[in-house]
2 protein chains.
Amino acid sequence: MNIEIINTGSELMLGRVLNTHQQWLCRQLADLGYVVTRQVAVADTADDIEQAVREALGRADFIVTTGGLGPTSDDITRDRIAALLGRKLTEDPAIVAHVESFFTKRKRTMPASTRVQAMVPDGAIVLHNAHGTAPGLALHISPNPFRPDGQPSWLVMLPGPPRELRPMFTDQVAPLLKEKLPLEAAFVCRTLRTVGIGESYLEERIAGPLKPLVDAGLELGYCAHTGAVDVRFVARGCGADADVAEAARIVYELAGEHIFGEGDAELEQVVLRKLEEKQQTLVLAESCTGGFIANRLTNVPGASAVFLAGLVTYSNGAKKQFLGVHADTLHDHGAVSEAVAREMAEGARKRTGVDYALAVTGIAGPGGGSPEKPVGTVFIALASASGTKVINPVNRYDRETFKYVTTTQALELLRRELTQKAVPA
Amino acid sequence: MNIEIINTGSELMLGRVLNTHQQWLCRQLADLGYVVTRQVAVADTADDIEQAVREALGRADFIVTTGGLGPTSDDITRDRIAALLGRKLTEDPAIVAHVESFFTKRKRTMPASTRVQAMVPDGAIVLHNAHGTAPGLALHISPNPFRPDGQPSWLVMLPGPPRELRPMFTDQVAPLLKEKLPLEAAFVCRTLRTVGIGESYLEERIAGPLKPLVDAGLELGYCAHTGAVDVRFVARGCGADADVAEAARIVYELAGEHIFGEGDAELEQVVLRKLEEKQQTLVLAESCTGGFIANRLTNVPGASAVFLAGLVTYSNGAKKQFLGVHADTLHDHGAVSEAVAREMAEGARKRTGVDYALAVTGIAGPGGGSPEKPVGTVFIALASASGTKVINPVNRYDRETFKYVTTTQALELLRRELTQKAVPA
């Protein structure tokens, strides 16, 4: 099966915005068992859109376009595709009513220009837009004059804003695709998310034991993100469920301590949910990560139930004032040292009375390094009722990557502590 | 002129990684006066790559491919393009020496597989890779058998890792492009970055006064980001410099208070540089933004000179303990209130002795709203020697967007304070 994506928008071609639609749509489709064969981006000019759509119709079974359905003069996707296919556009009263009510609810008058969004090409399925005004449109092109064999194609037009496109795809396009172009065989996809182990080391551990399954047809993929590696299994046909389950069992057995979750799990979510389950509380004391751990944790709804405070003690004065780090310790060991990390964590825990205090001090760079403590040096301390643990990684990256990798190591230190305790001794 | 980008990589088609090359390359080229007409992504399989390159050669004057130059079995871009063009591959001793020294410096033995990266197609210009092993390659295809008129094309292959691709493009590809395919007329591009004013309101203010310049050929573009809007001018031909300068003068006159910088300036950089210039210090007291302001500020190298501490006081207890907010104030007004924001900022400033303390309290959602204080309610307070200012925006977004927009408003409040003071009364 051949699936193509066409992203329209001059702002893409000028590099003013990042094309997040490509990754999101490709990922959603892959997880459903459909692989995108080609993605194209063109400016929102008539000829470019028409040429891209014409070429895709000549090859693909299922085509998704994004953008160009709105009310302004550069929104021309609907019109050009209708013209290319010779389909008449007619105003749909139900869409007019939806657009009117959208403005009424917001106490705004409906600009006349927005009415164009209610125009529907002959034979199109209208995809309701619960988060905006422009509906999506799905067209079945059968026979398809652009394919040599006349084979039919589906063409789905989606609005550009992600918060409109994403629920429309999930709720309406994915079911349509599964109904109209069902996979020929069972499809199972499972992703295990690991942290704290490099891609090649992980492969060394698991590739051998997985080989019989891979030889029998299991697809095994690695995807290295900053500070984390995903392992993805795909199996098709009968026995797919059992093969994927067996593969996952092997990886849990050989590298289970590194697996923090599956699918779209995020490390900060996992940590927060574990604290919630145990009804335990957390305080952070961050120096070199500059509030990034707090920022990641507070992206998770409900964080306030367990995360009480984060002290971004960037200066020595702040370390003394808010955490009770001793001037002598700072003087004797330096701000980036095991002793200071330990005092930061223990001070934060003692002063707030929480279950866990996580502290980080290090040298993010580009300046501030020395021969004994080069840029990238980090001390991470975790204080709890069972004492204080300190780890000392060296993270040689650019400043922002350094901060991200370090926050991940800190969250992972806490996750392991929480996971250990969950297992009865 | 017709420029196309071809991104290769199965991980792109599976949605496992975000295609940042598209935006980066399109932006670089646009700022040099070259507009990309089409971008295509395909899997790293031989047929897909060959078809995409063949099509691009049939249309484009300049083609950039990314990825597929490395040492593993799925790196096939160089081989397939050489085969398509009938160019013989020969090992280049200088590249072999570079790859060997790359491994020697890292005290690792050179895997035999990496030697393939030294293979160069006949007639190719080798683009040195200062940050990795695989060089880039530039080919002049003249005559071009894939274009109906035989017009020549340039085809440039770049390695996939961004930290290898980006300097190679800037240092070697951009000069090559400017030399081989010079713009026919002078080209000037200038971007003004604004914050705190919506795209349509900004347009209302400036579009009329800019109309004579636009009618005379100036290109005017708006690009709305979350919480910020860029205004971009492009002019070509003689008088381009003067036209762009006049357009910028008009926008500074009509909306100058909203302009925080130009080009790639970031608001957090601008704020930090202004504090540095004035040798003044800052402390943050964040509740609903959860450390995001601190995180943005500490992404800027040198932040530690002016940013002393950030207190992420997520709980009421932390607000009392670390900022001295009164229990009565919390009880009478609630944690999300002007009174609490004021006490947070004033308490942080008093306790640390800094010049500026910026405090934020609000309801990020999805839970926690009430009829009087709906989700999105925010109070931002700035305490300084001249007193305390409080603003009260309502930011109705998803949780992460809420946090980002709120951090931008807080930084902008501080920027305006710093900018006002810079002007002698």
Side-chain angles (χ1 to χ4, degrees), chain A residues 11-20 22-30 35-43 48 52 163 221 223 230 284 286 290-295 297-299 301-304 307-315 317-318 321-322 351-352 364 366-367 399-400 403, chain B residues 11-20 22-30 35-43 48 52 221 223 230 232 284 290-295 297-299 301-304 307-315 317-318 321-322 351-352 365-367 398-400 403:
Chain A
E11 68 284 5
L12 291 172
M13 308 322 288
L14 293 169
R16 306 309 303 189
V17 296
L18 191 58
N19 184 1
T20 55
Q22 164 176 14
Q23 181 184 18
W24 192 86
L25 287 170
C26 286
R27 173 72 184 273
Q28 299 300 312
L29 287 161
V35 176
V36 174
T37 41
R38 177 183 283 236
Q39 170 269 334
V40 179
V42 291
D48 289 334
R163 66 190 203 95
C223 186
D230 291 351
L284 300 170
E286 300 184 63
F292 202 171
I293 308 178
N295 188 31
L297 284 171
T298 57
N299 283 343
S304 57
F307 171 61
L308 304 189
L311 302 158
V312 186
T313 51
Y314 225 52
S315 64
Q321 181 177 0
F322 295 107
R351 291 188 171 202
T352 56
R399 189 173 175 94
E400 290 187 39
K403 287 176 66 183
Chain B
E11 68 284 5
L12 291 173
M13 308 321 286
L14 293 169
R16 305 309 302 189
V17 297
L18 191 58
N19 184 2
T20 55
Q22 164 176 14
Q23 182 184 19
W24 192 85
L25 287 170
C26 285
R27 175 70 183 274
Q28 299 300 312
L29 287 161
V35 176
V36 174
T37 42
R38 178 182 284 235
Q39 169 269 335
V40 178
V42 291
D48 289 334
C223 186
D230 291 352
R232 183 174 182 269
L284 300 171
F292 202 172
I293 307 176
N295 187 33
L297 284 170
T298 58
N299 283 343
S304 56
F307 171 61
L308 303 190
L311 302 158
V312 186
T313 50
Y314 225 52
S315 65
Q321 180 178 2
F322 295 107
R351 291 188 170 199
T352 57
D398 63 276
R399 190 175 174 95
E400 291 188 39
K403 286 175 67 184

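Because the structure is a prediction, the values reported are computed rather than measured. Quick note on labels: first sequence line is chain A, next is B, and so on, each numbered from 1.
- Ranked by heavy-atom pairs under 4.5 Å with chain B, the first of A:E286, A:E400, A:Q39 is A:Q39.
- No other option in B:A309, B:A41, B:G302, B:G365 has as many heavy-atom pairs under 4.5 Å with chain A as B:A41.
- If you measure heavy-atom distances from B:R351 to chain A, the contacts under 4.5 Å come from both the backbone and the side chain.
- Per-residue heavy-atom pair counts under 4.5 Å with chain A were compared for B:G310, B:P366, B:G367, and the maximum is reached by B:G310.
- No side-chain heavy atom of A:R27 sits under 4.5 Å from any side-chain heavy atom of B:M13.
- Considering only heavy-atom pairs separated by less than 4.5 Å from chain B, the leading option among A:N295, A:L308, A:L12 is A:N295.
- When B:S304, B:A30, B:P301 are compared by the number of non-hydrogen pairs under 4.5 Å with chain A, B:P301 comes out ahead.
- Interface residue B:Q321: only side-chain heavy atoms are found under 4.5 Å from chain A.
- Side-chain contact between B:K403 and A:T298 is present, with heavy atoms from C-beta onward closer than 4.5 Å.
- Between chain A and the residues B:N299, B:V36, B:T37, B:V40, the most heavy-atom pairs under 4.5 angstrom are made by B:N299.
- Minimum interatomic distance between A:G291 and B:A294 (heavy atoms only, all atoms of both residues): CA-CB, 4.4 Å.
- No option in B:T313, B:V312, B:L311 other than B:L311 meets the side-chain contact (heavy atoms from CB on, under 4.5 Å) test with A:L311.
- Of the atoms belonging to B:V42, heavy atoms from both backbone and side chain fall under 4.5 Å from chain A.
- What you find for A:V35 and B:L14 is that their closest heavy atoms are CG2-CD2, 4.2 Å.
- Heavy-atom distances place both the backbone and the side chain of A:A303 under 4.5 Å from chain B.
- Considering only heavy-atom pairs separated by less than 4.5 Å from chain B, the leading option among A:V17, A:N19, A:T20 is A:V17.
- The side-chain heavy atoms of A:F322 and B:T352, taken from C-beta on, include a pair separated by under 4.5 Å.
- Every residue meeting the salt bridge (charged side-chain N to carboxylate O under 4.0 Å, His left out) condition with B:R38, not counting sequence neighbours, appears here in chain and number order: A:E55.
- Using a 4.5 Å cut-off on side-chain heavy atoms (C-beta onward), A:R163 and B:D398 make no contact.
- The side chain to side chain donor-acceptor pair (under 3.5 Å) search around A:D230 returns A:R193, A:H225, B:R16, not counting sequence neighbours.
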